[in-house]
Amino acid sequence: MTQQTHPISWLIGSSLTAAALALGVIGISLSLSATGYADDSHELQQTITPNPEYTAECGSCHMAYPPTLLPADKWRAITANLADHFGDNASLAPQVSASIEAYLVQQAAQHGKVMKHNVPLPAGAGPQRITEQAFFIRKHDEIPRHMVQDNPKVGSFSQCSTCHNLAEKGIFDEDTVNIPGVGRWND
Ligand code: HEC
Ligand code: HEC
């Protein structure tokens with residue numbers, strides 16, 4: 001008896017494994033095309049030229065955000081209003097803020113779009129925060145409060161680089177995420 005059931009259960013087991021593997025492969029390719037992750041991250045990885053002045057002046061309270069995360073007019077609205085900067089005073093000498101603005105505008109997101117498949121942000125009005133843009137909310141809506149706002153090692157979504165290990169290079173792929181106190185992200 002045992003000599004017969006053994007090969008049969010092995011056969012059933014291995015065909016189940018093969019079916020599960022096949023489903024897994026389909027699942028992966030479906031999620032790639034449905035979310036457009038591949039294209040999205042390609043768009044953000046456009047080369048960022050580092051600027052030491054920008055990193056020094058704008059990287060002390062939060063990371064110096066890659067300029068590609070906002071369109072030019074949104075950067076101008078921020079550099080024009082540094083004395084009243086999201087509740088902080090981030091004022092700079094006029095010539096310093098002018099040269100930082102020139103750098104940000106030159107490297108900004110093109111055509112009002114941060115990611116390839118974004119709906120362009122309206123010019124002028126609209127959110128000035130990276131974290132208020134539709135693409136941002138869509139990409140982060142599965143992350144619970146206890147991992148972010150209530151996580152003393154993170155505190156706020158504005159602290160990109162606490163979770164995204166390569167954020168300074170403008171790389172935000174899921175597989176480079178490591179949430180402090182939580183670990184790698186698998187969804
Ligand atoms: C004195 C501290 C300080 C300095 C210096 C500073 N910021 Fe900020 N910045 C803040 C705070 C506080 C917030 C709001 C963060 C939050 O809500 O958690 C913020 C938010 C931002 C945001 C929006 C982030 C989001 O949530 O989407 C941008 C963009 C930004 N800063 C750009 C700049 C630029 C450009 C400079 C340099 C000219 C600069 N910051 C310098 C304190 C600072
Ligand atoms: C609490 C940790 C955390 C913080 C802080 C955070 N993110 Fe994320 N981010 C994630 C996780 C986790 C994912 C993957 C979400 C998913 O796929 O469900 C992600 C995904 C993304 C993606 C999509 C990547 C892709 O390839 O699809 C972008 C872009 C991104 N984040 C940008 C930012 C920016 C810019 C900031 C700061 C303004 C930021 N994130 C702050 C955790 C974080």
Side-chain angles (χ1 to χ4, degrees), residues 31-32 34-46 48 51 53-72 74-94 96-105 107-109 113-118 121 126-187:
S31 66
L32 274 180
T35 58
Y37 277 164
D39 284 343
D40 281 357
S41 26
H42 176 73
E43 191 75 5
L44 263 179
Q45 281 171 38
Q46 76 192 60
I48 296 165
N51 177 314
E53 186 180 42
Y54 172 61
T55 309
E57 302 294 352
C58 303
S60 50
C61 303
H62 44 68
M63 74 174 291
Y65 300 113
T68 45
L69 290 172
L70 283 175
K74 307 294 184 259
W75 282 124
R76 282 198 199 93
I78 285 177
T79 48
N81 208 7
L82 287 173
D84 181 12
H85 180 72
F86 305 100
D88 267 29
N89 184 348
S91 305
L92 294 169
V96 178
S97 69
S99 91
I100 287 174
E101 180 182 288
Y103 163 72
L104 290 170
V105 164
Q107 308 261 320
K113 297 203 284 188
V114 173
M115 294 191 129
K116 202 169 183 173
H117 303 297
N118 255 15
L121 291 170
Q128 291 176 11
R129 282 181 181 255
I130 299 155
T131 50
E132 281 170 359
Q133 296 178 71
F135 92 87
F136 187 93
I137 295 167
R138 184 162 43 83
K139 294 288 184 185
H140 297 86
D141 63 359
E142 284 173 25
I143 308 168
R145 271 195 79 88
H146 73 85
M147 293 186 187
V148 194
Q149 294 89 344
D150 299 340
N151 179 349
K153 293 184 178 137
V154 181
S156 147
F157 270 122
S158 306
Q159 303 297 338
C160 321
S161 52
T162 59
C163 299
H164 291 279
N165 295 341
L166 297 177
E168 265 88 4
K169 297 196 163 105
I171 297 173
F172 291 94
D173 292 41
E174 250 179 277
D175 54 9
T176 61
V177 172
N178 193 346
I179 306 179
V182 179
R184 301 221 154 255
W185 180 260
N186 283 306
D187 74 340

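Numbering of residues begins at 1 and proceeds along the displayed sequence. This structure is a prediction, so every number in the text was calculated from the model and none was measured. Atoms within a ligand are numbered from 1 in the order they appear, just like the ligands themselves.
An N or O contact shorter than 3.5 Å is missing between T162 and ligand 2 by distance. Polar contact check, T131 against ligand 2: no nitrogen or oxygen pair lies under 3.5 Å apart. Considering backbone and side-chain N/O of H164, one or more are found under 3.5 Å from N/O of ligand 2. Residue R129 has at least one N or O atom closer than 3.5 Å to an N or O atom of ligand 1. Considering both main-chain and side-chain atoms, D88 never comes within under 3.5 Å of ligand 1 through any nitrogen or oxygen pair. Between S156 and ligand 1, a contact under 3.5 Å exists for at least one N or O pair.
To the nearest 0.5 Å, atom CG of residue N151 and atom CD1 of residue I143 are 11.5 Å apart. Atoms OG1 and CE, on T162 and M63 in that order, are 10.0 Å from each other to the nearest 0.5 Å. A distance of 9.0 Å separates CD of Q159 from SG of C61, quoted to the nearest 0.5 Å. Taking CG from L82 and CD from E101, the interatomic distance works out to 9.0 Å, rounded to the nearest 0.5 Å. Expressed to the nearest 0.5 Å, how far CD1 of I171 lies from OG1 of T176 amounts to 7.0 Å.
Contacts between F172 and ligand 2 below 4.0 angstrom, taking non-hydrogen atoms only, involve backbone and side chain alike. The proximity of L82 to ligand 1, defined as any non-hydrogen pair under 4.0 Å, is limited to the side chain. When heavy-atom distances to ligand 2 are checked against a 4.0 Å cut-off, N151 has no atom that comes that close, whether in backbone or side chain.
Between L70 and Q128 the shortest heavy-atom distance is CD1-O, 3.5 Å. Shown here for T68 and I48, the closest heavy-atom pair between the two residues is OG1-CD1, 4.0 Å. Taking all atoms of both residues into account, the shortest heavy-atom contact from P180 to K153 is CB-CB, 3.6 Å. Smallest separation of non-hydrogen atoms from E57 and V96: CG-CG1, 4.0 Å. Between T55 and A64, the shortest heavy-atom contact is CA-CB, 3.9 Å. Considering all non-hydrogen atoms of both residues, H85 and I78 come closest at CE1-CG2, 3.9 Å.
Contact between M63 and ligand 2 is absent, with no heavy atom of the residue lying under 4.0 Å from the ligand.
When the heavy-atom distances from atom 13 (C) of ligand 1 to W75, Y54, F157, F86 are ranked, the shortest goes to F86. Looking at C61, A56, C160, G87 and measuring to atom 4 (C) of ligand 1, the nearest heavy atom belongs to C61.
Under a 4.0 Å criterion applied to the non-hydrogen atoms of M115, ligand 2 contributes the atoms 29 (C). Ligand-side atoms of ligand 2 in range of I143: 10 (C), 11 (C), 12 (C), 42 (C), range being under 4.0 angstrom from any heavy atom. In summary, the atoms of ligand 2 found under 4.0 Å from a heavy atom of V148, numbered by their order in the structure, are 1 (C). Atoms of ligand 2 lying under 4.0 Å from any heavy atom of E174, numbered from 1 in the order shown and given with element: 14 (C), 17 (O). Residue contact check: E57 has heavy atoms under 4.0 Å from atoms 5 (C) of ligand 1. Interface of K139 with ligand 2, defined as ligand atoms under 4.0 Å from a residue heavy atom, comprises 15 (C), 16 (C), 23 (C), 27 (O). Within the listing of ligand 2, atoms 26 (O) sit less than 4.0 angstrom from a heavy atom of D173.
For atom 27 (O) of ligand 1, the nearest non-hydrogen atom of the protein is I130 N, 2.7 Å. Scanning the protein for heavy atoms near atom 28 (C) of ligand 1, the closest one is Y65 CE1, 3.5 Å. Annotation: atom 29 (C) of ligand 1 to nearest protein heavy atom, I78 CD1, 3.4 Å. Scanning the protein heavy atoms around atom 38 (C) of ligand 1, the nearest turns out to be C58 SG, 2.6 Å. The single protein non-hydrogen atom nearest to atom 16 (C) of ligand 1 is S158 OG, 3.3 Å, given as residue, atom name and distance.
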Q) Yes or no on side chain to side chain contact (heavy atoms under 4.5 Å, CB included) for I100 and W75, after CA distance, side-chain angles and deciding distance? A) CA-CA 10 Å; I100 287 174; W75 282 124; over 6 Å; no
Q.
Please determine whether side chain to side chain contact (heavy atoms under 4.5 Å, CB included) holds for the pair F86 and R129, giving the CA-CA distance in whole Å, both sets of side-chain angles, and the decisive distance to 0.1 Å.
A. CA-CA 9 Å; F86 305 100; R129 282 181 181 255; 3.4 Å; yes
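Remark: of the listed residues F172, W185, F157, Y65, F172 is the sole one forming a ring pair (Phe, Tyr, Trp, His ring centres under 6.0 Å) with H164.
H85 contributes NE2 and H62 contributes NE2; the angle these two atoms make at atom 8 (Fe) of ligand 1 is 180°, rounded to 10°.
Contact of the V154 side chain with the M147 side chain is not registered, since no non-hydrogen atoms from C-beta on lie closer than 4.5 Å.
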